[in-house]
K.L.:
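Structure provided below as structure tokens; questions to follow.
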Amino acid sequence: MKNLTPHQISIRASLVIAVAYTLLSWVSLSNPTKLVIVFHFGLVFVISFLVMRYTIGHFIYRKIKLIYKTIQKEKSKKLEKKEETSSIIHEDLMARVNMDVQAWADSQRQEIDRLVADEQYRKEFLGNVSHELKTPIFNIQGYILTLLEGGLEDESINRDYLQRADKSVDRLIHIVEDLETISQLEAGHLELDMDKFDVVALTRDILKSQELVARDSSITLGFKDHDEKPREAMADKERIRQVITNLIVNSIRYGKKGGQTEVRFYDMDENWLVEISDDGIGIPKKHLPRIFERFFRVDKSRSRERGGTGLGLSIVKHIIEAHGQTINVRSTEGVGSTFSFTLEKAKERPSNQRFRKTSTSPS
């Protein structure tokens, strides 16, 4: 009885009606001949078949056709062509409608699940933002109140508290700037200034700028096997500077005293693979899938203590994906971490020729 065609439904229904009518006629008539019974059966069957076929074809299936058209419009977001809609009613209509309704229902369930997940994500995001902003704001408020209540005249604390307030303001500005950057990246409103540059030279400058910070933790910065051969990439130089700086700063922040951070480059045909490795505390395996989420921290206390906003790696991921490239991480707790990302190789282009590319939100 599954997926019957209109013709099959009409025949079965007509047979039932004809048999029932023939039995009633046989009981009500006295000694009916076989010819009369056959005549009644045939007549009722033909009439029933025509009525059923007309009813199913022009009333019930017309409604099914409208439902089917609606589903098709939702799927394609376009009006169906006349030749497509005119051929909807055919022998396999019920099977086709059943499949499409099931597919439509599945898509609706997926959409509902996505909306629920987005709502949960929004609540978590608002909670994280308020928590991140609350800490520096309360610190600033406490320092200022202390100074206003007499601490301003106390030379033993006034400068110290002003410096602490200034540090909290810097942290507040850093959070706001990171939020603005990630919002632009996710909305696809950030223009990438694509140009050819030597990614090795850029990395060398960043390593030099972080030498003092690394020295405080006795961490050595450098290139793997002292490989500093020029490698030209086509990307937004300042955004890639932001990416490499963030990864190197993180390797110092979570590195071990006396450890090292190494940068390596690999030739991947049309791309360069850049790897930044450390031998620090590493990342527990259970946290790896969430490492690029906004505000996610493995070590919350250590990150906040050293000024981390929890947005850095999320920004890094969005920047790399805006370039149409990928970023990955592999890590072992207590051994170290390696972040790797790809950059497009620079092709031969006329000198000083640049172009701008608008980033798109990742799917």
K.L.:
What's the separation between atom CG in L162 and atom CG in N158, rounded to the nearest 0.5 Å?
P.N.:
6.5 Å
K.L.:
Step by step, would you call D225 with F223 a side-chain contact (heavy atoms from CB on, under 4.5 Å)?
P.N.:
CA-CA 6 Å; D225 300 326; F223 293 92; over 6 Å; no
K.L.:
Looking at CD of E232 and NZ of K196, how far apart are the two atoms once the value is rounded to the nearest 0.5 Å?
P.N.:
4.5 Å
K.L.:
Any Lys/Arg nitrogen of K317 or E321 sitting under 4.0 Å from an Asp/Glu carboxylate oxygen of the other?
P.N.:
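The answer is yes: the pair qualifies as a salt bridge.
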K.L.:
Could you walk me through whether V199 and F265 pass the side-chain contact (heavy atoms from CB on, under 4.5 Å) check?
P.N.:
CA-CA 10 Å; V199 67; F265 299 91; 3.8 Å; yes
K.L.:
Counting only heavy atoms not in E111 (residues, nucleotides, ligands), do more than 12 fall under 6.0 Å from its CD?
P.N.:
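Yes - once you tally the heavy atoms of other residues, nucleotides and ligands closer than 6.0 Å, there are more than 12.
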K.L.:
Out of curiosity, I157 CD1 to Y143 OH, how far, rounded to the nearest 0.5 Å?
P.N.:
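It comes to 11.5 Å.
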K.L.:
Distance from T245 atom OG1 to D205 atom CG, nearest 0.5 Å?
P.N.:
10.0 Å
K.L.:
Check step by step if side-chain contact (heavy atoms from CB on, under 4.5 Å) holds for E333 and I281.
P.N.:
CA-CA 6 Å; E333 192 171 6; I281 62 176; over 6 Å; no
K.L.:
Check for me, please, whether F138 and L172 land in the same ILVMFWY cluster - side-chain distances under 4.5 Å, paths through other members count.
P.N.:
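Yes, F138 connects to L172 through the hydrophobic network.
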K.L.:
Is there a path of hydrophobic side-chain contacts, each under 4.5 Å between heavy atoms of I/L/V/M/F/W/Y residues, joining W272 to L202?
P.N.:
no
K.L.:
For K345, is there an ion pair with D267 - N to carboxylate O distance below 4.0 angstrom?
P.N.:
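Result for this pair is yes, salt bridge flagged.
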K.L.:
As an exercise, state the distance from CG of L221 to NZ of K208, rounded to the nearest 0.5 Å.
P.N.:
12.5 Å
K.L.:
Could you tell me the separation between the CD atom of Q325 and the CG atom of L343, rounded to the nearest 0.5 Å?
P.N.:
6.5 Å
K.L.:
Do I144 and V169 sit in one hydrophobic cluster, given that two such residues count as connected whenever their side-chain heavy atoms are within less than 4.5 Å of each other, even indirectly?
P.N.:
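Looking at the clustering, V169 is in the same group as I144.
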K.L.:
Please step through side-chain contact (heavy atoms from CB on, under 4.5 Å) for the pair D193 and E238, ending with a clear verdict.
P.N.:
CA-CA 8 Å; D193 188 8; E238 293 310 310; over 6 Å; no
K.L.:
Is it true that R330 and E275 make a salt bridge, defined as a side-chain N closer than 4.0 Å to a carboxylate O?
P.N.:
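A salt bridge is present here (some side-chain N lies under 4.0 Å from a carboxylate O).
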